[in-house]
Amino acid sequence: MTDLGGPGDQRVRGPGDGPEAVASQIADAVESLTALWSVAAQEASLRLSLHQLRALRTVQATPGLNLTALAEGLDIGLPTASRLCDRLAAAGLLERAPHPDTRREVQLRLTTHGRHVLGEVAGRRAQALATALAAMEPAERTALRRGLRGFLTARDKVVPGVDGIE
């Protein structure tokens, strides 16, 4: 696990542990968290790629969105989004339904199985994170929570309206 300045941290520091040095340490921690996140997702009963998970999470966040909106939200081409939805529908995770007002448009919705799989992945991720956090001292968890709140507040000032799904 990444050591963010503990006694065994041998990394070279910038002058005064400024933003650049802390950014490097956080980048290392994010890589570790990403690995933890990925492993937890791969341990679910149905293994899905990160693209598939992102697509399901996007549809979950905006039920009834169309294929074009999904492609834009995932920053992928329309043909790629269509194939992705084909695979998710074939796995029973996603359904396509005609739009009630526009016959040419299709709405995307999660199936019950799709909601169950996303719930399982979220539960496994939360458990993996809780296990890592349990190994920390209570004061470290409090400091982490406070630091994350400060980071989110600062981020919202610098880049307003940025909220990640995945």
Side-chain angles (χ1 to χ4, degrees), residues 1-63 65 68-78 80-81 83-85 87-88 91 93-94 108 110 114-166:
M1 182 177 278
T2 301
D3 185 353
L4 296 176
D9 192 353
Q10 303 298 319
R11 284 179 281 206
V12 176
R13 296 278 198 263
D17 275 347
E20 292 82 12
V22 174
S24 176
Q25 294 167 3
I26 291 172
D28 289 346
V30 167
E31 285 186 30
S32 294
L33 180 60
T34 301
L36 179 140
W37 226 234
S38 181
V39 167
Q42 293 305 308
E43 291 174 349
S45 60
L46 183 61
R47 294 179 70 174
L48 298 171
S49 72
L50 292 178
H51 266 326
Q52 291 169 326
L53 280 171
R54 283 188 63 219
L56 291 175
R57 294 276 318 258
T58 301
V59 172
Q60 180 184 43
T62 314
L65 91 156
T68 302
L70 178 65
E72 289 173 0
L74 297 177
D75 196 27
I76 60 177
L78 197 54
T80 302
R83 286 189 303 272
L84 179 61
C85 288
R87 287 190 298 275
L88 293 170
L93 302 170
L94 184 75
L108 304 171
L110 293 183
R115 287 189 296 279
H116 172 75
V117 168
L118 279 184
E120 181 186 1
V121 169
R124 287 182 177 279
R125 285 176 166 176
Q127 183 57 48
L129 187 55
T131 299
L133 291 170
M136 295 172 68
E137 295 295 324
E140 292 172 324
R141 285 191 300 270
T142 300
L144 177 61
R145 180 185 298 132
R146 188 176 315 119
L148 288 172
R149 282 186 192 143
F151 170 79
L152 293 173
T153 299
R155 180 211 58 194
D156 290 343
K157 290 177 183 174
V158 176
V159 187
V162 174
D163 279 331
I165 291 178
E166 191 60 26

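- Side-chain contact check for Gln127 and Thr131: at least one donor-acceptor pair (N or O, by modelled atom type) lies under 3.5 Å.
- Around CZ of Arg141, the count of heavy atoms belonging to other residues, nucleotides or ligands within 6.0 Å exceeds 12.
- A distance of 5.0 Å separates CG in Leu94 from CG in Leu108, rounded to the nearest 0.5 Å.
- Side-chain N or O atoms of Gln42 include one that pairs as donor or acceptor with a backbone N or O of Leu48 at under 3.5 Å.
- Looking at every heavy atom in both residues, Ala55 comes nearest to Leu88 through CB-CD1, 3.9 Å.
- Taking 4.5 Å as the limit, some side-chain heavy atom of Leu93 sits within range of a side-chain heavy atom of Leu46.
- Proximity of a side-chain donor or acceptor of Ser49 to a complementary backbone N or O of Gln52 within less than 3.5 Å is detected.
- The main-chain N or O of Arg149 is found under 3.5 Å from a side-chain atom of Thr153 such that the two form a donor-acceptor pair.
- If you take CD on Glu72 and CG on Leu78, they are separated by 9.0 Å, rounding to the nearest 0.5 Å.
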When you look at Leu84 and Ile76, which way does the side-chain contact (heavy atoms from CB on, under 4.5 Å) test go after all the steps? CA-CA 10 Å; Leu84 179 61; Ile76 60 177; 4.3 Å; yes

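- Side-chain atoms of Glu140 come within 3.5 Å of backbone atoms of Glu137 as a donor-acceptor pair (strictly under, hydrogens ignored).
- A heavy-atom distance below 4.5 Å is not found between the side chains of Phe151 and Ile26.
- Considering only heavy atoms from C-beta on, Arg57 comes within 4.5 Å of Leu118 through its side chain.
- Between Arg83 atom CZ and His51 atom NE2 the span is 11.0 Å, to the nearest 0.5 Å.
- Looking at every heavy atom in both residues, Leu56 comes nearest to Leu110 through CD2-CD2, 3.4 Å.
- Exactly one of Leu148, Leu144, Thr142 qualifies for a side-chain contact (heavy atoms from CB on, under 4.5 Å) with Arg146. That residue is Thr142.
- Side-chain atoms of Arg125 never come within 3.5 Å of backbone atoms of Ala40 as a donor-acceptor pair (strictly under, hydrogens ignored).
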